[in-house]
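Taking it in order: structure first as structure tokens, then the write-up.
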Amino acid sequence: MRAVVVDGPGGPEVLQVRDVPVPEVRHGWTLVRVEGFGLNRSELMTRQGLSPNVRFPRVLGIECVGVVVESARLAPGAKVAAVMGEMGREFDGGYAEYALLPDDLLIPVETDLPWEVFAALPETYLTAWGSLAAFGPASPGQSLLIRGGTSSVGMATMSLARERGLVTVATTRNREKVAALEKAGASHVVVDGGDIGADVRALCPDGPDFVLDLIGAPTVPDSLRLVKRGGTVCVAGMLSGEWVIPDFQPVAAIPSGAKLTAFQSNDIRGASGGEALQAIVDGVASGVYQPNLDRVFRLEQIVEAHAYMEANQATGKVVVRND
């Protein structure tokens, strides 16, 4: 089979498409023919050697969709998605024509969506779904600030939030992407020139009820200053590439009554993940949710695809489709 192998950390050029043996099935694992996979910035960081638990050589990829080839648990031919669970870090992931994956990672899904559309959904929409759940109960008309709105998770969150009646304020650093955010469902768009406070307060005088921070460490303290008293900030991404908030003092940084939480993809697995992903797939098929598919590459174009992602050219999800 063809697979993208990384022998050591570096730029996009370290991604090498090679012929390697198809993995042999073992107890508790399922062989999946990979039809497509989405790209994620965490894979960029793994490629750069910034994931502490990765060991090279490695086939990257924290998600994929495809068809069961051999399994003790699932019928051959079943359509499945797989997300996280240390895919592409502690064991080989989805950047290949076949992937051997732990049984408990697989989510069976019934869908007739094109593979490239299906591949755009699992990690992105499950993160958005879980992040909204992390906020707790929300009522129509409440406000949600999404920092990093043009990311695939940001755009998926807008689609889910619009269907739930929330008022969304999305940020972007690129004025040329405002129209795309509005099309994706943003109620308002704020161009982030380094200080969004005045623009956000003009839209939400008391602050937004919720803030989804997909940028991460550098903006979390500011998000806590912006959120409404009693509101919640959820951190669910690291678009900044920075993992740690320097000199973070909780008593000083978290206003009285405000809540700070986080979401990780491993938190929505098993039956709950299956129910959520099936609802998402059905919603995309009916037009309730948007797939926000930016561009599709082939496996042989993986270097170009990573360079495209790293240059922040995408508005939405970048997908690789196997021929």
Notebook entry, point to check: Distance-only, no hydrogens or angles: does the T157 side chain make a donor-acceptor pair with backbone N or O of A128 under 3.5 Å?
Noted result: no
Check: Going by heavy atoms in the side chains, are F56 and D7 under 4.5 Å from each other?
Finding: no
Next item on the list: For Q264, look at atom CD and say whether over 12 heavy atoms of other residues, nucleotides or ligands are found less than 6.0 Å away.
Entry: no
Margin query: So, taking the atom named CG in L212 and the one named OG in S131, what distance separates them when rounded to the nearest 0.5 Å?
Written below: 5.0 Å
Note to self: Minimum heavy-atom separation for P23 and L31, please, with both atom names.
What the structure shows: O-CD1, 3.9 Å
Note to self: Can you confirm whether V220 sits close enough to L260 that some side-chain heavy atom of one is under 4.5 Å from a side-chain heavy atom of the other?
What the structure shows: yes
Note to self: Check whether E43 reaches the backbone of I62 with its side chain - one donor and one acceptor, N or O, closer than 3.5 Å.
What the structure shows: yes
Margin query: So which atom in P12 and which in H306 form the shortest heavy-atom distance, rounded to 0.1 Å?
Written below: CB-CB, 4.2 Å
Margin query: For a quick test of reading the model, state the closest non-hydrogen atom pair linking F210 to P137 and the distance between them.
Written below: CZ-O, 4.0 Å
Notebook entry, point to check: Distance-only, no hydrogens or angles: does the K79 side chain make a donor-acceptor pair with backbone N or O of G66 under 3.5 Å?
Noted result: no
Next item on the list: Find out if a path of hydrophobic residues (ILVMFWY) with successive side-chain heavy-atom gaps under 4.5 Å connects M238 to V233.
Entry: no
Check: Do the side chains of V59 and V14 join up, straight or via other hydrophobic residues, at under 4.5 Å, putting them in one cluster?
Finding: yes
Notebook entry, point to check: Among side-chain atoms of D103 and T30, is any donor-acceptor pair under 3.5 angstrom?
Noted result: yes
Margin query: Give me the atom names and distance for the closest heavy-atom approach of L126 to G273.
Written below: CD2-O, 4.0 Å
Next item on the list: Find out whether V117 and T111 are in side-chain contact, i.e. whether some heavy atom of one side chain is under 4.5 Å from a heavy atom of the other.
Entry: no
Check: Does the separation of the ring centres of W29 and F91 fall below 6.0 angstrom?
Finding: yes
Check: Is E310 paired with R47 through a side-chain N to carboxylate O contact shorter than 4.0 Å?
Finding: yes
Margin query: Please give me the minimum heavy-atom distance between A96 and V34, naming the atom from each residue.
Written below: O-CB, 3.2 Å
Item checked: More than 12 heavy atoms of other groups within 6.0 Å of N53 CG -> yes
Check: Does atom CG of D323 have more than 12 heavy-atom neighbours from other groups under 6.0 Å away?
Finding: yes
Margin query: How long is the straight-line distance from CG of L277 back to CZ of F118, given to the nearest 0.5 Å?
Written below: 5.5 Å
Next item on the list: State whether E304 and R295 are salt-bridged, where the test is any N-O pair (Lys NZ or Arg NE/NH1/NH2 against Asp/Glu carboxylate O) under 4.0 Å.
Entry: yes
Check: Would you say S159's side chain and Q290's backbone share a donor-acceptor pair under 3.5 angstrom?
Finding: yes
Notebook entry, point to check: Counting only heavy atoms not in R173, do more than 12 fall under 6.0 Å of its CZ?
Noted result: no
Next item on the list: Would you sort out whether F37 and V319 count as a side chain to side chain contact (heavy atoms under 4.5 Å, CB included), showing the intermediate values?
Entry: CA-CA 6 Å; F37 54 87; V319 164; over 6 Å; no
Check: More than 12 heavy atoms of other residues, nucleotides or ligands under 6.0 Å from CZ of F135: is that the case?
Finding: yes
Item checked: Ion pair R58/D92, N-O distance below 4.0 Å -> yes
Next item on the list: Flag the pair F297 / V303 as yes when at least one side-chain heavy-atom distance between them is below 4.5 Å, and no otherwise.
Entry: no
Checklist line | Closest non-hydrogen atom pair between L74 and P108, with its separation | finding: CD2-CG, 3.9 Å
Margin query: What I want to check is whether the side chains of T172 and K177 have a donor and an acceptor closer together than 3.5 Å.
Written below: no
For residues 181-198, which side-chain donor-acceptor pairs fall under 3.5 Å, sequence neighbours excluded?
unit_1	atom_1	unit_2	atom_2	d
S187	OG	T168	N	3.1
D192	OD1	G194	N	2.8
D195	OD1	G197	N	3.1

Checklist line | Short side-chain to backbone donor-acceptor contact, T46 and S42, under 3.5 Å | finding: yes
Check: Is the backbone N or O of S152 less than 3.5 Å from a side-chain atom of N292, with the two atoms forming a donor-acceptor pair by type?
Finding: no
Note to self: Quick check on side chain to side chain contact (heavy atoms under 4.5 Å, CB included): which of V200, L145, L214, D213 does T171 satisfy it with?
What the structure shows: L145
Note to self: Any non-hydrogen side-chain atom of V4 less than 4.5 Å from a side-chain atom of L299?
What the structure shows: yes
Notebook entry, point to check: When N40 is tested against each of M45, E63, M309 for side chain to side chain contact (heavy atoms under 4.5 Å, CB included), which residue passes?
Noted result: E63
Check: Is any side-chain N of the basic residue among E35 and R321 closer than 4.0 Å to the acidic one's carboxylate O?
Finding: yes
Check: Are L160 and Y125 close enough that some pair of their side-chain heavy atoms sits under 4.5 Å apart?
Finding: yes
Next item on the list: Hey, could you give me the CZ/OH distance between R33 and Y98, rounded to the nearest 0.5 Å?
Entry: 6.0 Å
Next item on the list: Report yes if the side chains of M158 and I146 come closer than 4.5 Å at any heavy-atom pair, otherwise no.
Entry: yes
Next item on the list: Tell me whether V5 is reachable from L101 by hopping between hydrophobic residues (I, L, V, M, F, W, Y) whose side-chain heavy atoms are closer than 4.5 Å.
Entry: yes
Notebook entry, point to check: So, R147 and D222, do they make that salt bridge, N to O below 4.0 Å?
Noted result: yes
Next item on the list: Dump the intermediate steps for side chain to side chain contact (heavy atoms under 4.5 Å, CB included) on V32 and L100, then the final yes or no.
Entry: CA-CA 6 Å; V32 174; L100 185 65; over 6 Å; no
Next item on the list: Could you tell me the separation between the CD1 atom of I254 and the CD atom of Q249, rounded to the nearest 0.5 Å?
Entry: 11.5 Å
Next item on the list: Look only at the side chain of S51 and the backbone of V54, and say whether a donor-acceptor pair between them is shorter than 3.5 Å.
Entry: no
Check: When rounded to the nearest 0.5 angstrom, what is the spacing between CD1 in I280 and CH2 in W129?
Finding: 5.5 Å
Notebook entry, point to check: Which residue pairs pass the ring-ring contact (aromatic ring centres under 6.0 Å, His included) test with at least one member in residues 220-240, sequence neighbours excluded?
Noted result: none
Next item on the list: Treating Ile, Leu, Val, Met, Phe, Trp and Tyr as nodes and any side-chain heavy-atom pair under 4.5 angstrom as an edge, say whether L105 and L60 lie in one connected cluster.
Entry: yes
Notebook entry, point to check: Rounded to the nearest 0.5 Å, how far apart are SG of C64 and CG of L106?
Noted result: 8.0 Å
Margin query: Quick one: does any side-chain atom of D209 pair with a main-chain N or O of S143 as donor and acceptor, under 3.5 Å?
Written below: yes
Check: Counting heavy atoms not belonging to R298, are there more than 12 under 6.0 Å from its CZ?
Finding: no
Check: Could you go step by step and tell me if W115 and V67 meet the side chain to side chain contact (heavy atoms under 4.5 Å, CB included) rule?
Finding: CA-CA 11 Å; W115 285 111; V67 176; 3.7 Å; yes
Margin query: Check this for me: E110, atom CD, are more than 12 non-hydrogen atoms of other residues, nucleotides or ligands nearer than 6.0 Å?
Written below: no
Margin query: Is any side-chain heavy atom of V296 closer than 4.5 Å to one of V320?
Written below: no
Margin query: Run L121 and V281 through side chain to side chain contact (heavy atoms under 4.5 Å, CB included) and show every step you take.
Written below: CA-CA 8 Å; L121 305 179; V281 165; 4.0 Å; yes
Margin query: Count I, L, V, M, F, W, Y as connected when their side-chain heavy atoms are under 4.5 Å apart, and connections chain through other members. Are V235 and M155 then in the same cluster?
Written below: no
